[in-house]
Amino acid sequence: MKQSYDVVIVGGAVIGSAVAYFLAANPDFSGSVLVVEMDPTYAKASTSLSSSSIRNQFSNPINVRISQFGTEFIRNFADTMQVGSDRPDLAFHEGGYLFLANTEDQAQTLREHHAVQRACGADVVLWQRDEVAAAFPHLNADDIVLASYGQSGEGWFNNTGLMYGFKNKARSLGVDYVTDEVVAIGRQGGKITDATLKSGAVISAGVLVNASGPRAALTARMAGLDVPVEPRKRTLFVFDCAQSPEGSAAVNQGRLPLMIDPSGVFCRPEGRFFLTGCPPVEDPCSDWDDFEPRYDEFEEIIWPALAARSPAFETIKAVNQWAGHYDFNTLDHNLVVGPHPEVKNFIFANGFSGHGLQQGPAAGRGVAELIVHGGFRTLDLSEVGYERILENRPFLEKAVI
């Protein structure tokens, strides 16, 4: 580790490592990059504890295009991230997403979202009740008014594989990683000057990138800035099923999708098991170190909804559970990517609110473009910049799970 870097990135999970990779891989960038990560095991990182899924079914075209880039990047990940003989296969399971609507209001929302998705070229179809029942015969579709199904480009993959692939490739391209914690950020007027580490080292920084996940607000405050991001707890459950319906679909070679029930409960295959979760009834800010699962969600919310949706889910048993943190943007539940308008060498990459894995490739590329070129060159992410935070102007995205 040197005493001065052109770019210092606070946080080395998927967002920080994506930024590091896209910087190092940019032929127009010849600078030095340091990634500071406090926990090299990533045991409590939002990346490691996520449901590791990607979808194109959003209501805002920017989010659709962010995920479309993510899909292609994940498909080609092994080739792009190859280091020597190591080709990190993410085992992308392109099972699709299935949104179910059982009211006319929900159906109209799906229609509106579908128009946006199709305009962006997403491979999404709207199905009536009979089409849903024919495609997925294990489902009880009697109450379904409309469904939206992603035929390709959506699914789930190896979450830590994505993170470590970015990290290993970045290191092979010359990026330095250090196990330490940023405890202070030096600032002179409108410029960040350095970062002080817990070890006592003071690192001069040309640019500082805030990629510290749920702790984003803590990092920003060290520079006298603010971002409305806080940890919100989400519990995931893995369950076994007496008679698994996986393989019974009449589409996609029998594979079941990630289903979002009208209740908000979601469920997808996970090997021989299933992964499930639900929006919490109450959603307070969590303590930074609170990772205790909300065990009652399975019996009180998830199982009743799944049992009503499919006879196959009437007899299920939770075999594992864990809780992770969303880096929750309290303004509008969407990513914040871009510089502070007054402290231009402090760049935010925060507030992904549960979408960090799927949005990591596009966000990493976007931040790298800002640093290298002074603006976005591929996908314009200006609408999700920091200015909207100062103006209290939410970025509208209706398809939030």
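- The aromatic ring centroids of F346 and Y386 lie 6.0 Å or more from each other.
- No close placement of the F157 and F77 rings is indicated, their centers lying 6.0 Å or farther apart.
- Distance CG/D180 to CG/D39: 12.5 Å, rounded to 0.5 Å.
- Each of L208, V343, T193 was evaluated against I185; a single residue qualifies, L208, per the side-chain contact (heavy atoms from CB on, under 4.5 Å) test.
- Nearest heavy-atom pair across H93 and R255 is NE2-CD, 3.5 Å.
- Heavy-atom contacts from other residues, nucleotides or ligands closer than 6.0 Å to CD of E391 number more than 12.
- S382 and D380 form a side-chain donor-acceptor contact under 3.5 Å, judged by distance and modelled atom types alone.
- The only option from F239, F298, W303 that meets the ring-ring contact (aromatic ring centres under 6.0 Å, His included) definition with F313 turns out to be F239.
- Residue R171 places its CZ atom among 12 or fewer non-hydrogen atoms of other residues, nucleotides or ligands, all under 6.0 Å distant.
- Residues Q151 and V125 approach most closely at NE2-CG1, 3.2 Å, considering heavy atoms.
- In terms of the side chain to side chain contact (heavy atoms under 4.5 Å, CB included) criterion, residue partners of D79 (sequence neighbours excluded) are, by chain and number, R87.
- Between H113 and F58, the distance separating the two ring centers is not shorter than 6.0 angstrom.
- Within 6.0 Å of atom CD in Q3, 12 or fewer heavy atoms from other residues, nucleotides or ligands are found, so the atom counts as exposed in its surroundings.
- Looking only at atom types and distance, the side chain of N63 has a donor-acceptor partner in the side chain of E397 under 3.5 Å away.
- E112 CD: more than 12 foreign heavy atoms inside a 6.0 Å radius.
- For S53, the side chain to side chain contact (heavy atoms under 4.5 Å, CB included) partners two or more places apart in sequence, or in a different chain, are S51, Y97, W156, L258, R268.
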